[in-house]
Amino acid sequence: MIGRLNHVAVAVESVEKASAVYRDALGAKVSAAESLPEHGVTVVFVELPNTKIELLEPYGENSPIAGFVAKNAAGGIHHVCYEVDDIISAREQLKATGARVLGDGEPKIGAHGKPVLFLHPKDFCGTLIELEQA
């Protein structure tokens, strides 16, 4: 069902500071910051030859990652994102196996402009999974 690894998301206190680490210390190509108020995050993408690293900074009082960053002040891996060919079909297959889809279960438009869903980490070895329509 899952396709390629689209990105690994790292929650950070500041995308500006984290971008500097990836750009200056590691020599990576880093995108401009983009605020996504509907998702409660500001994002930056670090471009790698085979995937991306998504840097996430809390945006607004109700950011879903604010608690994670408060507990992990130095930052840390927040989720992994896999591509799927058909997000609705994937959702239905997963629900049939007992997997829990977070939120209302309906895909939302993600940072890449494509439909995404999140899966409960307790159902996937303690890892928050994002599925993105390829």
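Keep in mind the model is a prediction, meaning the values are calculated, not measured.
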What residues form a salt bridge (Lys or Arg N to Asp or Glu O under 4.0 Å) with [X], not counting sequence neighbours?
| X | result |
| --- | --- |
| K108 | D104 |
| E83 | R4 |
| E38 | none |
| R100 | D123 |

Which donor-acceptor pairs under 3.5 Å do the side chains of residues 124-134 make with protein atoms, sequence neighbours left out?
| unit_1 | atom_1 | unit_2 | atom_2 | d |
| --- | --- | --- | --- | --- |
| E130 | OE1 | H7 | NE2 | 3.1 |
| E130 | OE1 | H79 | NE2 | 3.0 |
| E132 | OE1 | H112 | ND1 | 2.9 |
| E132 | OE2 | N6 | ND2 | 3.2 |
| Q133 | OE1 | I87 | N | 2.9 |
| Q133 | NE2 | D85 | O | 3.0 |

Side chain to side chain contact (heavy atoms under 4.5 Å, CB included) evaluation trace for V84 with M1: CA-CA 6 Å; V84 294; M1 173 191 317; 4.3 Å; yes
Pairs flagged by side chain to side chain donor-acceptor pair (under 3.5 Å) wherever residues 59-73 is involved - sequence neighbours left out: none
For F68, all residues meeting ring-ring contact (aromatic ring centres under 6.0 Å, His included), sequence neighbours excluded: H78
Mind checking side chain to side chain contact (heavy atoms under 4.5 Å, CB included) for [X] and listing every partner two or more places apart, or none if nothing turns up?
| X | value |
| --- | --- |
| E16 | S14 |
| A111 | L36, V43, F45, E54 |
| L48 | V46, N50, T51, I53 |

Minimum heavy-atom distance [X]-[Y], with the two atoms named:
| X | Y | answer |
| --- | --- | --- |
| P115 | I109 | N-CD1, 4.0 Å |
| I65 | A11 | CD1-CB, 4.3 Å |
| V69 | P58 | CG2-CG, 3.9 Å |
| L56 | A9 | CD1-CB, 3.8 Å |
| C81 | L5 | O-CD1, 3.4 Å |
| S19 | V44 | OG-CG1, 3.4 Å |

Any donor-acceptor N/O pair, H120 side chain to K122 backbone, under 3.5 Å: yes
Donor-acceptor contact below 3.5 Å, side chain T97 vs main chain L94: yes
Would you say [X] and [Y] are hydrophobically clustered, going by side-chain heavy atoms of ILVMFWY under 4.5 Å?
| X | Y | value |
| --- | --- | --- |
| V41 | V10 | no |
| F118 | Y82 | no |
| V116 | V80 | no |

Residues in side-chain hydrogen bond (donor to acceptor under 3.5 Å, both in side chains) contact with S35, at least two apart in sequence or another chain: T42
Where at least one partner belongs to residues 88-98, residue pairs that pass salt bridge (Lys or Arg N to Asp or Glu O under 4.0 Å), sequence neighbours excluded: R91-E106
Exceeds 12 heavy-atom contacts within 6.0 angstrom, atom CD1 of I77: no
Derivation and outcome, side chain to side chain contact (heavy atoms under 4.5 Å, CB included), residues L119 and V101: CA-CA 5 Å; L119 306 174; V101 178; 3.9 Å; yes
Between NZ on residue K29 and NZ on residue K52, distance to nearest 0.5 Å: 11.0 Å
Test item: P107 and I88 side chains (from C-beta on) under 4.5 Å apart, heavy atoms: yes
